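Here is the structure we will look at.
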Amino acid sequence: MDKLILIDGNNVIYRAFFAMPPLTNTAGQQTNAVYGFTTMLLRLIEEHKPTHMIVAFDAGKITFRHEGYQEYKGGRQKTPPELSEQFPLLKDLLRNLGVPQFEIESYEADDIIGSISRKADEAGREVMIVSGDKDMLQLASEHTTVALIRKGVTEIELYGPEQIREKYDLTPEQIIDLKGLMGDASDNIPGVPGVGEKTALKLLHQFGSVEGVIAGTGELKGKMKEKLEAHADDAIMSKKLATIYREVPLEHGWEDMVFTGLNRETAGPALAKLEFKSLLERLSLSGSAPAPEGEEAAEAQEAELEITIVGEDELDDLIAALPGISALHVESNGDNPHRAEVIGIGLSSLDRHYYVPFSLLQSPAAAKLRDWLGDEHTPKSGYDLHRADLALHWQGIPFAGAAKDVQLAAYLLDPTEANQDLSDLAAKYSLPRLATDESVFGKGAKYKVPELEVLGHHVARKSAAVLGIVQKQDKELDETDMNGLFDDLEMPLSRILADMEKQGIAVNKEDLKELGKEFEAQIAKLVAEIYEICGTEFNLNSPKQLGEILFVKLGLPVVKKTKTGYSTDAEVLEKLAPYHDVVRLILQYRTIAKLQSTYVEGLLKEISPDTGKVHTFYRQTIAATGRLSSQFPNLQNIPIRLEEGRKLRKVFVPSEPGWSILAADYSQIELRVLAHISDDELLKDAFLHDMDIHTKTAMDVFGVTAEQVDSNMRRSAKAVNFGIVYGISDYGLSQNLNIPRKEAARFIEQYFEVFQGVRRYMDEIVVEAKKNGYVTTLLERRRYLPEINASNFNLRSFAERTAMNTPIQGTAADIIKLAMVHMDKALFERGLKSRMLLQVHDELVFEVPAEELELMKVLLPEVMEGALKLSVPLKAEVSYGSNWYEAK
DNA sequence: CCTCTCACG
DNA sequence: ACGTACGTGAGAGGC
């Protein structure tokens, strides 16, 4: 079946310009709008597989619309030069991609689109129109869908006549009347003053059209009547202006719109010229003309590097060269390093590079090489040494002596950049090109280790790349004052994390299974009741099916919608609970089902058959704020808030008889950090006197005494304190407290009246971020906020809240990381057997032998509280028991 | 592979 | 008017 996509080029590039962060190529040419446009275009092609496609552009400054109304589009801001410069780039790129483009003198893109779609309608062809302009909705018809671009550029919402009726209760033609009444400030279309969308819709539902409204003013009264009578002409003219002209003389026919897929020959170089590397990769295109094939090419590429693929014969040679080797790469497979197989390792000195297959590394002949790997006094740099350490460990090969981890350094230099792999880093620092892992191994189900020659060269080139990257990063870390953070905190921490993960935490499998049986019984009971009440069986886990039952069968009111249908999240269900008894049961089902699938079943799968423990993997390079994250399994989100779930913590037990679980968590660390960095006298005072901070906040904000603070006031104050840490907005607070926005705004204002130092901090940090383009934590950890100066309100607001939150959350992360390093040292120096097992953002969990319990109960909070000296005391609360549940 | 939902700090 | 709270990971359904 043919499918034609019509794209409103002007509108889409305009939106892309404002939606995308500024992006320039190395020549200094801004390319963000072209980039945004292209990503949208590629997505459309992938998802909708058009057989025909055009991009329409406006042409000529004066269009026929100006003939009757000179002010048309008057007052509109001039197109910024950064955008107009991108039009030729886009047109050129479209040509190279093989996408037809139309422009017709003195007509606008929407008229061209309207005219083509009229002809297509008449011929019964399937059409999709892509634009961000709601006016386009007037073109929707049986065969024509309008794809409105929502936020950003790649999110679209599809409208046919059906959807327009659902949303506005109007026909597509009535969209014109809507605009006739409302006007449109951006096109300088007047409409009727005082009539907005709400009023316009009411009028149209009553009278059907602009003409109908004007004829029917007799039935109205008051101000509205006067206005409509006075501006009847404006409304008529506005309607005319809003009407898309569908009779443009088209010289092009159907055959001029044929799209047979991207022109792969010209697309590659064109994308490369714009430096759209991610798009090149996504399309698996090469940026240059096809490379020479076969051995000749391989040799040409690798001539620069002296690479030895090590077999038994070369082993002595390599061992003799070890003193000069400072970089390595451990190639392993899979995501979970605890289950990874080691494939081989690359080793690099300045002038020689080696690849050692894993089988050789394991052989008796390689003992000296293994000693070198495990020697903490031979410094080694690499990419993700933490993973390497774990993968080798489970193969019985100790690893030590991590000096510089380039993955970790890259994270510090830009924690928001999605995990950059070695080939990205090599490219970033203009080092010799390194093939991507995907191109060498394939990905997903197609992952396959290539033959030795190819594999060995690739891995050796990786260790070679590490050498070059280390040099460049060292300079950058120096320039950004992060060398201390890197060498004294993150690098030592990575070894500590690996130790914690190897140690693992014991899980009582039998108890966990028992808990699973209890949940199972509860689930069965709930499911039966729910089916009974609903009178039908369905998949309770499917939001789609559940929505159908709740909102169609039971006719409950729709509170919130998602992109794809009805929302059925807990917030919605809470609102629906008063209407129908089944809703409570569904909420209970959700709770228990989550515990069962994620925690009971999920955790059981993660228990190692070898150790009887779960070995999580902490990722040190994911969270933009500097926090850790935890995977396989995630041990940072084990339930605690509800008792049913909290019980799960009982299955986390010490791994040796007679030992205890000891845990300590920071009390209000984020607010204490805020007190320090904002230097707010009142807040500092509260912590110096170790007051209950939420009660204290309630007292100050509501102006009452401690005794007068009721639970509701404290709850509100607590929410405000959370909000402050997140970078507050009245909307966010109103959602959280379920109160009107105005009231939330009042709370916030009252808070800032009292905590003026906090207000000053919030203002200043945003100014600082706008000036520098980044914010920092107390330990100089940095986060760039490119959107802080965006003209798009949402992007900018988001960046502003991030500017407020990141120094707080990030400094708290710095502090607990420091505590971990100090604690590790303290355990070592005192020769203690106690082991650090888990970190949960503000909590550290240990297993402790009986004879060390009393000591650890003192030492742990002492070290945590002393991790960093602030202007307010840090406080750590310690607890212990026979399992994690007891340690509360 | 994406979306929704929900667990944690 | 805009439409959000900050930071994560995992399981299930459905295309």
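Naming convention: chains lettered A, B, ... in sequence-line order (proteins, then strands); numbering from 1 in each chain. As the structure is a computational prediction, the values presented were derived from the model and not from experiment.
Side-chain proximity of His841(A) to dA5(C), dG9(C), dG9(B): nearest is dG9(B). Comparing dT8(C), dG3(C), dT5(B) by their closest approach to the side chain of Asp569(A) singles out dT5(B). Relative to the side chain of Asp730(A), the nucleotides dA10(C), dT8(C), dT4(C) differ in distance, and dT4(C) lies closest. When each of dG7(C), dA10(C), dC8(B) is scored by its nearest atom to the side-chain atoms of Thr598(A), the top-ranked nucleotide is dA10(C). For Tyr599(A), taking side-chain heavy atoms from C-beta onward, the closest of the listed nucleotides dA7(B), dA12(C), dT3(B) is dA7(B). Of the candidate nucleotides dC15(C), dA10(C), dT5(B), dC15(C) has the atom lying nearest to any side-chain atom of Lys544(A). Distance from the side chain of Thr564(A) is smallest to dT3(B) among dG7(C), dT3(B), dA5(C). The nucleotide whose nearest atom lies closest to any side-chain atom of Asn637(A) is, among dC4(B), dC8(B), dC2(C), dC8(B). Candidate nucleotides dG7(C), dG9(C), dC4(B) were compared by shortest atom distance to the side chain of Pro543(A), and dC4(B) ranks first.
Pairing analysis of DNA chain C (Watson-Crick: purine N1 to pyrimidine N3 plus N6-O4 or O6-N4; G-U wobble: N1-O2 and O6-N3; both under 3.5 Å) yields stems of 3 or more pairs at B:1-9 with C:6-14.
When only modelled atom types and interatomic distance are considered, Asp133(A) and Tyr14(A) share no side-chain donor-acceptor pair under 3.5 Å.
Within 4.0 Å of Ala624(A), counting heavy atoms only, lie sugar-phosphate atoms of the nucleic acid but no base atom. Across all strands, Ile622(A) comes closer than 4.0 Å only to sugar-phosphate atoms, never to a base (heavy-atom distances). Using a 4.0 Å heavy-atom distance criterion, Ala570(A) is classed as a sugar-phosphate-only contact. Among the atoms of the strands shown, none is found under 4.0 Å from any heavy atom of Ala803(A). Base contact: Gly723(A) has a heavy atom under 4.0 Å from a base atom.
Protein atom CD1 of Ile724(A) is 17 Å distant from nucleotide atom P of dA5(C), rounded to whole Å. The nearest whole Å value for the distance from the CZ atom in Phe617(A) to the C1' atom in dT8(C) is 15 Å. Glu800(A) has its CD atom 18 Å from the P atom of dC2(C), to the nearest Å. Across the protein-nucleic acid pair, Leu546(A) atom CG and dA12(C) atom P stand 17 Å apart, rounded to whole Å. If you measure from atom CD of Glu843(A) to atom C1' of dG7(C), you get 17 Å, rounded to the nearest angstrom. Taking atom CG on Leu628(A) and atom P on dG9(B), their separation rounds to 15 Å, with Å as the unit. One can place CG of Asn419(A) at 11 Å from P of dG9(C), the figure rounded to the nearest angstrom. Spacing between atom CG of Leu604(A) and atom P of dG11(C) amounts to 12 Å, rounded to whole angstrom units.
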For this session: List the steps and the verdict of side-chain contact (heavy atoms from CB on, under 4.5 Å) for Thr806(A) and Thr776(A).
Result: CA-CA 8 Å; Thr806(A) 295; Thr776(A) 56; over 6 Å; no
Problem set entry | Derivation of the salt bridge (Lys or Arg N to Asp or Glu O under 4.0 Å) call for Glu490(A) and Lys817(A) | CA-CA 8 Å; Glu490(A) 299 291 357; Lys817(A) 284 177 166 178; 2.8 Å; yes
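A gap of 15 Å separates the P atoms of dT5(B) and dT4(C), to the nearest Å. One P atom belongs to dA5(C), the other to dC6(B), and the distance between them is 15 Å to the nearest Å.
The ring of Phe617(A) has its center closer than 6.0 angstrom to the ring center of His386(A). Checked against the 6.0 Å centroid criterion, the rings of Phe538(A) and Tyr531(A) qualify as a close aromatic pair.
For the OP1/OP2 pair of dG14(C) and a distance below 4.0 Å, the side-chain nitrogens and oxygens of Gln545(A) include at least one atom meeting the criterion. Applying the 4.0 Å criterion to OP1 and OP2 of dG13(C), one finds that Asn541(A) has a side-chain N or O inside that range. Side-chain N/O atoms of Ser567(A) include one lying less than 4.0 angstrom from OP1 or OP2 on dT5(B). When the side-chain nitrogen and oxygen atoms of Arg641(A) are compared with OP1 and OP2 of dC8(B), one or more of them lie within a distance under 4.0 Å. For the OP1/OP2 pair of dC6(C) and a distance below 4.0 Å, the side-chain nitrogens and oxygens of Arg801(A) include at least one atom meeting the criterion. Checking the phosphate oxygens (OP1, OP2) of dC2(C), no side-chain nitrogen or oxygen of Ser797(A) falls inside 4.0 Å. The side chain of Lys594(A) places no N or O atom within less than 4.0 Å of a non-bridging phosphate oxygen (OP1 or OP2) of dA10(C). Distances shown here put every side-chain N or O of Arg741(A) at or beyond 4.0 Å from the OP1 or OP2 atom of dT4(C). Remark: Thr568(A) is in phosphate contact with dT5(B), judged by side-chain N or O atoms under 4.0 Å from OP1 or OP2. OP1 or OP2 of dG7(C) sits under 4.0 Å from a side-chain N or O of Arg783(A). Between Thr562(A) and the phosphate of dC4(B), there is a side-chain N or O to OP1/OP2 separation shorter than 4.0 Å.
Within 6.0 Å of NZ in Lys650(A) there are more than 12 heavy atoms belonging to other residues, nucleotides or ligands.
Using a 30° and 60° split on the angle between ring planes, His694(A) and Phe722(A) fall in the parallel class, below 30°.
Met864(A) is listed as a side-chain neighbour of Tyr666(A), based on a closest heavy-atom distance under 4.5 Å. Using a 4.5 Å cut-off on side-chain heavy atoms (C-beta onward), Leu201(A) and Leu178(A) make contact.
In this structure, Tyr731(A) packs face-to-face on the six-membered ring of dT4(C), meeting both the 5.5 Å centre cutoff and the 30° plane limit.
Taking only distance into account, the side chain of Gln636(A) never meets the base of dC8(B) through a donor-acceptor pair shorter than 3.5 Å.
Geometrically, Arg782(A) engages Tyr774(A) in a cation-pi contact defined by less than 6.0 Å to the ring centre and at most 45° from the axis.
When the nearest nucleotides of DNA chain C are assigned to Thr625(A) and Gln631(A) by heavy-atom distance, the more 5′-ward of the two goes with Thr625(A).
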